[in-house]
Amino acid sequence: MTSWEYAPAPESREIARLRPSYRMFVGGEFVEGTGEPLKTVNPATEEVLAEVSTASASDVDKAVATARKAQEKVWGRMPGAERAKYIFRIARMIAERGRELAVLESLDNGKPIRESRDVDIPTASAHFFYHAGWADKLDYAGYGPDPQPLGVAGQVIPWNFPLLMASWKIAPALACGNTVVLKPAETTPLTALVLAEIIQQADLPPGVVNILPGAGDVGSTLVNHPGVDKVAFTGSTEVGKSIQSSLAGTGKKLTLELGGKAANIVFDDAPLDQAVEGIVNGIFFNQGHVCCAGSRLLVSESIADELLATLHQRVSTLRVGDPLDKNTDVGAINSGMQLAKIRELVAAGDAEGAERWTSPCPLPERGFFFAPTVFANVSQSMRIAREEIFGPVLSVLTFRTPDEAVAKANNTPYGLSAGIWTEKGSRILWMADRMRAGVVWANTFNRFDPTAPFGGYQESGFGREGGRTGLEAYLNV
Amino acid sequence: MSEVRLTVAKTYKLYLGGAFPRSESGRSYPVTDQAGAFLANAAQASRKDARDAVVAARKAFGGWSGATAYNRGQVLYRVAELLEGRRDQFIAEVSASEGLKPAVAKSTVDAAIDRWVWYAGWTDKIATVFGAANPVAGPYFSFSVPEPTGVVAVFAPQSSSLLGLVSVLAPVIASGNTCVVVAGEDRPLPAITLSEVLATSDVPGGVVNILTGRTAELAPWLASHADVNALDLGGVAAANRVELEKAAAGTVKRVLRVPVEEPDWTQAPGTGRLRALLETKTVWHPMGA
């Protein structure tokens, strides 16, 4: 067979309009933070991209006070139809600067340009567009007449989908009449600050959205600030628990979107090639840095050998490397810290006796990269079957009956997502009904849409983002 | 033959897994009316009883959450029917427990009966009202359905021994959750009599488990129990709620947003309590020929 080599097809980093320094956004202005500036790194090269000012506790005070004033004097009083038009503007401007944002996202995060271009940025714009329409229709959302906003929302987001997570948080908050203080992740602050620029260009009243870069301490100061009425957090279950605990007794409304250990369940009648594509998308999309990643493959014992062989072959073809190359399938691990965590869990998988297979793909010499890895003969008690790895590592378990598949799928304190692969319709619905998970993908995986509520059961958090259901998190109902 | 017949007094026990056991601890505590006169001894549930109740509630969850909404509606309506049949008994017990005048006790019991009817009618509306067909931008069929959260620990109101209890209990089980209820500490008797109604209304054993005893003693065990999914701390003293909410965070329990002061239970309930104990599940499937 002829082997066709890919020629490099890189996006130009010039498109990102990268600047040497970025400042935080408070009261409609870009201002110098009084925290220690951070340096954000391109995980694919380990080079510093830019210096970013961070917030101190007093900056958090100022931002919350500004947001409060904007909520009470301007945004909370504004007719919904006017709020809507601002939010529509933001949606349009994100789309207009889509290519710039995509390149910047890939530079700062390490994700393949194909994904930032086709998923992150368009979905971010779509979230604003969808929620804009709700702003003057809240009376029809099913929470009674004239539902009221909560006030100031303190929001803390992760590094895996930086701009998309900012949009998931900001858009519904604004639509419902709240103002926002948002802290982007320490390692990926850049696109949120370009979003701030867009918000400024859209002429959103000063103080309605404030963006404070920084590390976990800034997030902690923000969520515990007495001037914040509503807290929304997406991130690890560990941090989510500590936030829930620290908010005990404060009466602040809280929503948490936390970790997961999703089962992707393949029955013996599943179309194998399609299932393999779904498994690959489920675990290697965004380097596996996805809270709802299909990180536990549950496969019917009778087809396990055949499926594993096909899977290995398919995964071998995944191209790992330069995130800006349009041919890249798997980009860089977001940070050295995350790479160390993945390595540690993979070592645990080896030590506990799972059978490791690693893609023979070449890896770049510099940067944080990890070759796609599949563990077979995994048992439920192993760490790689229980703990969220948040990397391109798949654990394969087998089952014999549908009941066993259900029991194994649900045998986790998490409950964010699940996948089902079978040609039998009645079995899909039977399985979907039994999954204790907030999102069930049948014969597909990792689909997201602003109209479709997303969120977890159990220790994957509470509250939903998206859809009519998602508005509840930002209304006093 | 004596002219005056001695009445047969009832032994008030726990309601656990569909049965009426005493506390495994062998403890009981005296319950008095508002004037201080002795009414009965109530079982003083222990940590072990609370854990047994969680086990019973978890065991019942699959069947109850899997029952059709129509079936759950009929069962809840049956509770109202049987409550109506024992109306006089409840009026007497509520009156004794809460020190209410007869007319107020009557209207309170009537409101409690009507509240079961309201929630009985909700069971098969929940998915329609809170679910959705999601118009996603792609060739997929996507829908969202509300599902029950799981096992709920309910600390019943301390003042309103029947109407308050029904107002917090009925929305929990209407959507398919199962629960462990800690009855109001000083006014537990109507709760136990209600459990007799539940036991004969086709509510499957374990769906509702009612403990009587010291709220402050039982609360930490339920708030930290890993197989409890949600907490209603309404019946817990405000000063004790912070620690329990912290304990709840250990397993990311849903904690209902309830007011510090007991609300006026005669007001229309709204949907807040129903919604607070629902999880939304979104299902996707591709469309194609």
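Numbered from 1 within each chain, the chains take letters A, B, ... in sequence-line order. Quick caveat, the model's predicted, so the values are computed rather than measured.
- Within the 4.5 angstrom heavy-atom criterion, only side-chain atoms of A:I428, from C-beta onward, approach chain B.
- What you find for B:R257 and A:L150 is that their closest heavy atoms are NH2-CD2, 4.5 Å.
- A pairwise comparison of heavy atoms in A:N443 and B:P286 identifies O-CG, 3.2 Å as the closest pair.
- The residue among B:A230, B:S144, B:A238 with the most heavy atom pairs within less than 4.5 Å of chain A is B:S144.
- When side chains are defined from C-beta on, A:V477 counts as touching B:R275, because their heavy atoms get closer than 4.5 Å.
- No other option in A:G461, A:G455, A:P413, A:G467 has as many heavy-atom pairs under 4.5 Å with chain B as A:G461.
- Distance alone, capped at 3.5 Å, is enough to place a donor-acceptor pair between the B:K246 side chain and the A:S245 backbone.
- Residues A:V439 and B:W284 meet the side-chain proximity criterion, which asks for heavy atoms closer than 4.5 Å.
- No other option in B:P135, B:A132, B:G270 has as many heavy-atom pairs under 4.5 Å with chain A as B:P135.
- Contact annotation for B:P259: neither backbone nor side-chain heavy atoms come within less than 4.5 Å of a heavy atom of chain A.
- Residue contact with chain A, scored on non-hydrogen atoms closer than 4.5 Å, is absent for B:R241.
- For residues 120-133 of chain A, a heavy-atom distance under 4.5 Å to chain B picks out no residue at all.
- Residues B:H285 and A:T444 have side chains not in contact (no heavy-atom distance under 4.5 Å, counting atoms from C-beta outward).
- In this structure, B:E245 contributes its side chain and A:G249 its backbone to a donor-acceptor pair below 3.5 Å.
- Both the backbone and the side chain of B:T280 come within contact range of chain A, judged by heavy atoms closer than 4.5 Å.
- Taking the side chain as every heavy atom from C-beta outward, B:V255 and A:Q244 approach each other to under 4.5 Å.
- Both the backbone and the side chain of B:F130 come within less than 4.5 Å of a heavy atom of chain A.
- Heavy atoms from other residues, nucleotides or ligands lying under 6.0 Å from NZ of A:K137 number more than 12.
- Contact detail for B:E147 and A:R436: the closest heavy-atom pair is OE1-NH1, 3.9 Å.
- A donor-acceptor pair under 3.5 Å is formed between the side chain of A:D449 and the backbone N or O of B:A137.
- Distance alone, capped at 3.5 Å, is enough to place a donor-acceptor pair between the B:K281 side chain and the A:D433 backbone.
- Atom CG of A:D273 has 12 or fewer neighbouring heavy atoms from other residues, nucleotides or ligands inside a 6.0 Å radius.
- For B:T149, the part lying near chain A is the backbone, with the side chain staying farther off; criterion is any non-hydrogen pair under 4.5 Å.
- By the neighbour-count criterion of 12 heavy atoms within 6.0 Å, atom CZ of A:R114 is densely surrounded, having more than that number from other residues, nucleotides or ligands.
- Of all heavy-atom pairs spanning B:T282 and A:P453, the tightest one is OG1-O, 2.6 Å.
- Using a 4.5 Å cut-off on side-chain heavy atoms (C-beta onward), B:V252 and A:L258 make contact.
- Annotation for A:R468 and B:V129: closest pair NH2-O, 3.4 Å, computed over non-hydrogen atoms.
- Listed options A:A437, A:S460, A:G240 were ranked by heavy-atom pairs under 4.5 angstrom with chain B; first place goes to A:A437.
- With a 4.5 Å cut-off on non-hydrogen atoms, A:L256 touches chain B through its side chain but not through its backbone.
- The 12-atom threshold is exceeded at CZ of B:R214, counting heavy atoms of other residues, nucleotides or ligands nearer than 6.0 Å.
- For CZ of A:F88, the number of neighbouring non-hydrogen atoms (other residues, nucleotides, ligands) closer than 6.0 Å is greater than 12.
- More than 12 heavy atoms of other shown residues, nucleotides or ligands fall within 6.0 angstrom of atom CH2 in B:W118.
- The number of heavy-atom neighbours closer than 6.0 Å to NZ of A:K408, taken from other residues, nucleotides and ligands shown, is above 12.
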